[in-house]
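A short worksheet on the structure shown next.
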Amino acid sequence: MDTLPPPDASNEAAPLTPIQLRELYSLMVAVRHLDTSTIAWQRQGIIPGYAPELGQEAAQVGSGYAVDTTRDFVFPTYREMGVARAMGVDMVAYMATHKATWHGGLYDPLTSRLAPIQAVVAGSVLHAVGWAHGQTLDNKDGVAMAYFGDGASSQGDVHEAMNFAAVMKAPVVFFTQNNGWAISVPTERQVAGGSVAARAAGYGIPAIKVDGNDVVAVVEATRRAFAHCRAGNGPVAIEAMTYRRGPHSTSDDPGRYRSLDAERTDAGVDPLERFRKQLLADGVGDESFFAEALAAAKAEEEQIRTGIQALGSRPGTEMFDLVFQETTPALQAQAANWREESEHV
Amino acid sequence: MTGFRKAPSPEGQAPETRTVEMSMQQALNRALDEVLAENPKAVIFGEDCGRLGGVFRITDGLQAKHGEGRVFDTPLAESGILGMSVGLAMAGFHPIPEVQFDGFAYPAINQIVCQMARMNYRSRGTLPMPITLRVPSFGGIRAPEHHGESLEALFAHVPGLKVVSPSNPNEAYHLLKYAATRPDPVIFMEPKSRYWQKGDVDLDGGGSPDAERNTGAKVMREGRHITLVAWGAMVARCLQVAELAAEDGIDVEVLDLRWLKPIDAEALASSVAKTRRAVVVHEAPLTSGLGAEVAQLITQSCFDTLKAPVERVTGFDVPYPSGDLEDEYIPNIDRILFGIQRVLEYRRG
């Protein structure tokens, strides 16, 4: 499905250069390696929990790569590590949320252009609409991109957001990663109407259903959507069809709702392996480049692991100090009591 | 509330000396008008608040004066309105959304509790939420179901929210101007049964949004024998009760709490330290209502001097009833007088 009008010639993005293609591959390798390592960290007790994204690297890296961090703003849920990495977010600060150091992470949302991580999966979709409408009011050309899954698309906020954005012509890209599963419930038991992209038609929003395992296709679709929004045409919906190869979280047991055979059959081609073959066939990457990319990913992962292991707990005072911009007497009194009665001063 | 100079007309007066009689609806409208003029980042939106000026006309004329970019109608979806507020605040705006009636805040509760109230904390102070959510609140107008509710305890219980309710036009004007300049989310609970009541509004300094004037509770009537603690529409009723009690020689002090979060514990302590008796009056159901919080704050500060346990006169633990039973539900003069009597006649066993 592709109901987004084709870009006019003046607006058409140049095809990805070999350097950009290699950059995309390096990002995907970094994300894959960090993702699998983070699961290991959880098993080793370095972090208490994590929501893996194995198989979604192309959807995440491809879309995050299209963001212009000088003017756009991204609204994630809790499974957008690949998007964050592609946007250049400090990954130690990002992982801090999974380390249970601080809800939402320790990165600065304003400079990184990534809103804090959060678990109410459709909540931030409306924030994207508000932020985008602010761009219209300020005569700026930034675009908001909201990430949500096929499961989140069942929540009313997604529908309110699409309706608001369409009525107000807000520059929002609704980016659905349809990974086939809302924890244990498959898409066919989750999404009525065939697809999330199909729903966009009901709001008069153009939509692209894209192969979410093809990173180049995802970059191109996202760039087209951004250009459409930036030109003042209102929102666009993208549904990237992919597959969550791992569990929903490190506490989940996919064996209770799908078999390994079904997983192998349904998952399709590994997006990373597929891209590697493509680069090799096109002469854009060779074995030494792939080896370098993996070595860089390992070095990066080592640095992030050291970083999060070095993260201490936040001082307890922050618990009180960061509730409000202007604190209250009750909070001050509670903080004072805590200080007096606590051994953690 | 005394000492304001009465001016025959606002025209031609120096702004620092004006006192004008107006309804609470007019006072709120004027405050919003001035907020829009003073803060280019302030935006007002909600259902019907643009062309219609709101079902209670609080935003009357503001779109025509300030433009559709500053005052606009949204689709009919409360979660959408509040979620949009969060995004606008993230983009540097000061949203002043309206939920048309109190009961319609329920569909937006996720955005209020999980998002608006937490974003400053979640983002470690980098994404403040300077949102003033106006909620026409409480009963007293014989409205259909969900058009009259008392949500103050629910809002006040949520970390990250502040809650305020004006009791008369002057308070409405000043508290709204103050709330709309704060960097934190404020739930502004307007007593809809008082929208059309008139009173003197002190326009001194154009509604200076200074903390000294606009924070904390306020003694609306001084008294020696007992303190009535109330907020919103119940303040006027308590002032009536005080007049009647005075005929029997009972000198009632009326404390308008104004801020339901943060609660002014010092003002409670200081009033009850003097009167040594207190009754809390609210429309909301009794159980886990704010009256319990107020009573505990008084107990904590005045336990040694209290002559009787703090009494509560409240709504009941029932869904807000239809108009025909509303007068039975909302604390009336007799029930408040009985509450006063219970405290005055209390004898230690």
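Labels below follow one simple rule: chain letters A, B, ... track the order of the sequence lines, proteins then strands, and each chain is numbered from 1. Hydrogens, waters and symmetry mates play no part in the numbers below; they use all other heavy atoms, side chains included.
- Under the 3.5 Å distance criterion, the side-chain polar atoms of A/Thr250 are matched with a main-chain donor or acceptor of A/Tyr50.
- For the set A/Ala330, A/Pro329, A/Ala115, A/Gly123, the count of heavy-atom pairs under 4.5 angstrom toward chain B peaks at A/Gly123.
- Both the backbone and the side chain of B/Asn120 come within less than 4.5 Å of a heavy atom in chain A.
- Heavy atoms closer than 4.5 Å to chain A are found nowhere in B/Leu82, neither backbone nor side chain.
- Residue B/Gln296 places its CD atom among more than 12 non-hydrogen atoms of other residues, nucleotides or ligands, all under 6.0 Å distant.
- Ranked by non-hydrogen atom pairs under 4.5 Å with chain A, the options B/Phe93, B/Phe72, B/Trp259, B/Tyr121 are led by B/Tyr121.
- For chain B, the nearby part of A/Val167 is the side chain; its heavy atoms alone come within less than 4.5 Å.
- With a 4.5 angstrom heavy-atom cutoff, A/Met319 touches chain B via backbone and side-chain atoms both.
- Annotation: maximal heavy-atom pairing with chain A below 4.5 Å, among B/Met129, B/Arg70, B/Lys162, occurs at B/Lys162.
- In terms of modelled atom types and a separation under 3.5 Å, the side chain of A/Glu80 and the main chain of A/Thr77 share a donor-acceptor contact.
- No close placement of the B/Phe104 and B/Tyr106 rings is indicated, their centers lying 6.0 Å or farther apart.
- A donor-acceptor pair under 3.5 Å links the side-chain atoms of B/Asp73 to the main chain of B/Cys49, judged by distance alone.
- In this structure, no portion of A/Tyr107 lies under 4.5 Å from any heavy atom of chain B.
- Neither the backbone nor the side chain of B/Glu68 comes within less than 4.5 Å of any heavy atom of chain A.
- Between A/Tyr78 and A/His248, the two ring planes are perpendicular [angle over 60°; tilted spans 30° to 60°].
- Interface remark: of the candidates B/Arg182, B/Arg118, B/Lys41, B/Arg182 forms the most heavy-atom pairs closer than 4.5 Å to chain A.
- More than 12 heavy atoms of other shown residues, nucleotides or ligands fall within 6.0 angstrom of atom CZ in A/Arg314.
- For a residue to count as touching a neighbouring chain, one of its non-hydrogen atoms must lie under 4.5 Å from one of that chain's; by this rule A/Ile117 touches chain B with the backbone only.
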Q.
Run B/Val55 and B/Phe101 through side-chain contact (heavy atoms from CB on, under 4.5 Å) and show every step you take.
A. CA-CA 9 Å; B/Val55 294; B/Phe101 287 90; 4.0 Å; yes

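- Heavy-atom pairs under 4.5 Å with chain A peak, among B/Cys114, B/Gly160, B/Gly69, at B/Gly160.
- The minimum heavy-atom distance linking B/Gly232 with B/Ser167 is given by the pair O-CB, 3.5 Å.
- Chain A forms more heavy-atom pairs under 4.5 Å with one residue of B/Pro262, B/Gly125, B/Ser79 than with any other, namely B/Ser79.
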Q: Could you give me the CA-CA distance, side-chain angles and deciding distance for B/Leu176 and B/Val164, then say whether side-chain contact (heavy atoms from CB on, under 4.5 Å) is met?
A: CA-CA 9 Å; B/Leu176 183 53; B/Val164 65; over 6 Å; no

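- In this structure, the portions of A/Gln325 lying under 4.5 Å from any heavy atom of chain B include both its backbone and its side chain.
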Q. Run the salt bridge (Lys or Arg N to Asp or Glu O under 4.0 Å) check on B/Arg134 and B/Glu98 step by step: do they pass?
A. CA-CA 5 Å; B/Arg134 290 185 37 252; B/Glu98 176 184 293; 2.8 Å; yes

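- Comparing A/Asp138, A/Leu110, A/Asn163, A/Thr136 by heavy-atom pairs within less than 4.5 Å of chain B, the highest count is held by A/Asp138.
- Of the listed residues (B/Asp184, B/Leu161, B/Thr215), the greatest number of heavy-atom pairs within a distance under 4.5 Å of chain A belongs to B/Asp184.
- Proximity to chain B involves both the backbone and the side chain of A/Glu318, based on heavy atoms less than 4.5 angstrom apart.
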